[in-house]
Protein chains: 2
Amino acid sequence: MNSTGSISQENYLKAIFKLQNEHGIASNQAIAEKLAATPAAVTGMLRKLTELEWVEHTAYQGAVLTPKGKQIATSTIRKHRLWEVFLVEKLQFKWDAVHQWAEELEHIGDADFTERLDAFLGCPATDPHGDPIPDANGDWAGNERVILADVLACNQEFTVRGVSNSASDFLRHLDALNIQLGKQFSVVEHFPFDGSWEWKDESGVNVRVSREVASQLLVELNRPQMSSKSQ
Amino acid sequence: MNSTGSISQENYLKAIFKLQNEHGIASNQAIAEKLAATPAAVTGMLRKLTELEWVEHTAYQGAVLTPKGKQIATSTIRKHRLWEVFLVEKLQFKWDAVHQWAEELEHIGDADFTERLDAFLGCPATDPHGDPIPDANGDWAGNERVILADVLACNQEFTVRGVSNSASDFLRHLDALNIQLGKQFSVVEHFPFDGSWEWKDESGVNVRVSREVASQLLVELNRPQMSSKSQ
DNA sequence: ATAATTTTTTAATCTTGCCTAAACAATAGC
DNA sequence: GCTATTGTTTAGGCAAGATTAAAAAATTAT
Ligand SMILES: [Mn+2]
Ligand SMILES: [Mn+2]
Ligand SMILES: [Mn+2]
Ligand SMILES: [Mn+2]
């Protein structure tokens with residue numbers, strides 16, 4: 001029941017999985033972009049993955065995963081995120097430095113290996129960037145995280161739960177702003193002029209956050225939104 | 001100062017390193033055997049490694065590592081053995097199951113990664129099979145381990161310190177005999193007829209050990225060899 | 001509807017690492 | 001010293017995964 005692909009094949013399946021979740025189908029071009037390859041390379045690999053019955057590919061249309069393909073993709077993502085937890089929690093890496101290594105580690109080990117790693121780490125629910133870790137069946141709890149831009153009310157309290165961009169420079173910028181996952185803020189003001197925000201953290205310290213930053217944060221609303229519409 | 005090769009290149013360097021330590025030079029054929037490749041493949045790779053200045057290869061003679069090549073080889077071996085410690089100590093793998101995964105993990109990570117892993121594991125001196133773990137410079141403490149066949153005196157006490165064969169079936173056989181690294185025995189008798197041994201463990205239990213098993217165990221003599229030459 | 005643009009596919013090549021079979025060196029036997 | 005054997009290298013090829021450039025299909029614009 002559990003088979004596995006080559007490193008390259010697994011990377012394609014991961015990319016298709018993520019694109020499919022976003023757009024329903026994975027276009028040739030989007031896959032190429034995600035993997036930093038050429039569209040011609042994608043056409044070639046899709047032929048191979050279709051033969052393996054891990055994707056269904058309609059020429060000129062795009063690709064979707066078969067159940068088997070989805071299983072390999074989620075298992076790879078599970079390993080990726082578990083390894084990221086390991087690197088941060090056990091090896092004390094900063095959260096902006098783990099992705100590159102997880103990208104290699106994710107292709108190692110079988111189901112038994114993964115379950116041992118998971119148990120060793122205490123079955124974490126999310127990775128260091130707040131992304132959910134699929135269980136052994138490839139499922140994960142639906143998450144309540146929402147893009148900050150949707151939270152317009154003043155005094156709204158929220159907790160930072162994730163990032164929608166895990167690039168190192170963004171993560172280091174969050175470090176500089178002293179914004180960590182799990183930290184709680186309330187909205188002081190939102191400036192339509194440039195889309196920036198002012199927040200207050202739990203110890204009463206105010207923070208200014210640009211639109212660029214806020215739009216890439218995933219937050220959880222803390223209480224059934226107090227009805228104070230305007231300050 | 002620290003560069004790194006492809007997976008295949010690192011495997012060649014490891015093989016050459018080990019053969020060079022045993023025979024002074026690594027013959028084409030011995031390398032091929034160790035890597036389960038053909039001599040023709042070895043010739044090809046040696047050309048490449050020579051260009052990289054990681055080995056010196058004289059046609060029809062054999063290969064030796066340059067300092068750079070030795071550095072990559074020992075770093076790979078260091079990673080291999082550290083990962084084996086991780087797998088046994090942290091993920092509770094049996095010692096006969098870790099080599100295959102370490103063979104893949106050894107190619108991941110840079111010097112910083114390796115030092116973090118080492119620190120996390122408490123800077124172990126040996127891997128689960130008793131093999132010494134090179135330090136960050138590729139050096140390790142000379143070990144006092146000796147093949148059991150050289151220990152002929154009765155009543156000689158010794159501690160099992162390693163195996164010269166890490167094949168799964170041998171390791172599982174040791175498990176069956178209840179022989180673990182660090183366990184102490186004394187020689188009761190040696191039977192020249194078939195080369196087998198009788199030992200007594202610390203709690204007075206006697207064990208019979210075949211020549212095949214004894215000849216693949218590395219032991220440390222416990223005391224300045226009592227001069228009882230014959231019983 | 002037709003033309004222009006974008007996207008995908010095909011075709012021809014490249015690289016890495018491997019193989020088999022044949023040619024070539026080195027060694028050993030006599 | 002010549003011959004047989006062993007070990008090494010060359011030659012020719014294959015597979016996976018990529019690339020570039022050109023052809024074909026789909027989409028968008030007029
Ligand atoms: Mn990641
Ligand atoms: Mn990957
Ligand atoms: Mn090993
Ligand atoms: Mn290896």
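Values reported hereafter were calculated over all heavy atoms of this structure, with side chains retained and with hydrogens, waters and symmetry mates removed. Below, chains carry the letters A, B, ... as their sequence lines are ordered, and counting in each starts from 1.
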**Request:** Please name all residues satisfying side chain to side chain donor-acceptor pair (under 3.5 Å) with B/Q216, sequence neighbours left out, ordered by chain then number.
**Result:** B/N165
**Fill in**
Ordered by number, residues from residues 39-49 of chain A within less than 4.0 Å of DNA chain C (heavy atoms) are A/P39, A/A40, A/T43, A/R47
**Message:** For a quick test of reading the model: is some side-chain N or O of B/Y12 closer than 4.0 Å to OP1 or OP2 of C/dT16?
**Reply:** no
**Asked** In whole angstroms, how far is the P atom of D/dG17 from the CD1 atom of A/I7?
**Response** 10 Å
**Any residue meeting side chain to side chain donor-acceptor pair (under 3.5 Å) with A/E104, in chain and number order, not counting sequence neighbours** = none
**Request:** Anything under 30° is parallel, anything over 60° is perpendicular, the rest tilted; go ahead and classify B/W83 against B/F113.
**Result:** tilted
**Request:** Not counting sequence neighbours, which residues clear side chain to side chain donor-acceptor pair (under 3.5 Å) with B/E10? List them please.
**Result:** B/T4, B/H107
**Prompt:** Does the cation-pi check pass for A/K90 over A/F120, that is, NZ or CZ under 6.0 Å from the six-membered ring centre and within 45° of its axis?
**Reply:** yes
**Those residues that, when tested against A/E103, pass salt bridge (Lys or Arg N to Asp or Glu O under 4.0 Å) (two or more places apart)** = A/K14
**Request:** Rounded to the nearest angstrom, tell me the gap between atom CG in A/L35 and atom P in D/dA16.
**Result:** 19 Å
**Prompt:** D/dA16 phosphate, OP1 or OP2: any side-chain N/O from A/S6 under 4.0 angstrom?
**Reply:** no
**Message:** Are A/H80 and A/H99, when compared by the centres of their aromatic rings, separated by less than 6.0 Å?
**Reply:** yes
**Item:** Under 3.5 Å side-chain donor-acceptor pair for A/T43 and A/N28
**Value:** yes
What pairs of nitrogen or oxygen atoms, one from the protein and one from nucleotides 24-26 of chain D, lie under 3.5 Å apart?
| from | atom 1 | to | atom 2 | distance (Å) |
| --- | --- | --- | --- | --- |
| D/dA25 | O4' | A/Y60 | OH | 3.4 |

**Message:** So if I take every side-chain heavy atom of B/T38 and compare against C/dT20, C/dC18, D/dT19, which nucleotide ends up nearest?
**Reply:** C/dT20
**Message:** Listing request: all ring-ring contact (aromatic ring centres under 6.0 Å, His included) pairs with a residue in residues 43-67 of chain A, at least two apart in sequence or in separate chains.
**Reply:** none
**Item:** Any A/S8 side-chain nitrogen or oxygen under 4.0 Å from OP1 or OP2 of D/dA18
**Value:** yes
**Phosphate contact (C/dT8 OP1 or OP2) by A/H57 side-chain N/O below 4.0 Å** = no
**Asked** Quick one: salt bridge (Lys or Arg N to Asp or Glu O under 4.0 Å) partners of B/E33, sequence neighbours excluded?
**Response** none
**Prompt:** With sequence neighbours left out, what residues match B/T50 under side chain to side chain donor-acceptor pair (under 3.5 Å)?
**Reply:** none
**Fill in**
Applying salt bridge (Lys or Arg N to Asp or Glu O under 4.0 Å) to A/R47 and not counting sequence neighbours gives none
**Request:** Just report the end-to-end axis angle for the helix from C/dA1-D/dT30 to C/dC30-D/dG1, five pairs per end, to 10 degrees.
**Result:** 0°
**Asked** Hey, is B/R78 close enough to B/D118 for a salt bridge, meaning N to O under 4.0 Å?
**Response** yes
**Request:** Within residues 16-34 of chain B, find the residues that approach DNA chain D with a heavy atom at under 4.0 Å, and present them sorted by residue number.
**Result:** B/S27, B/N28, B/Q29
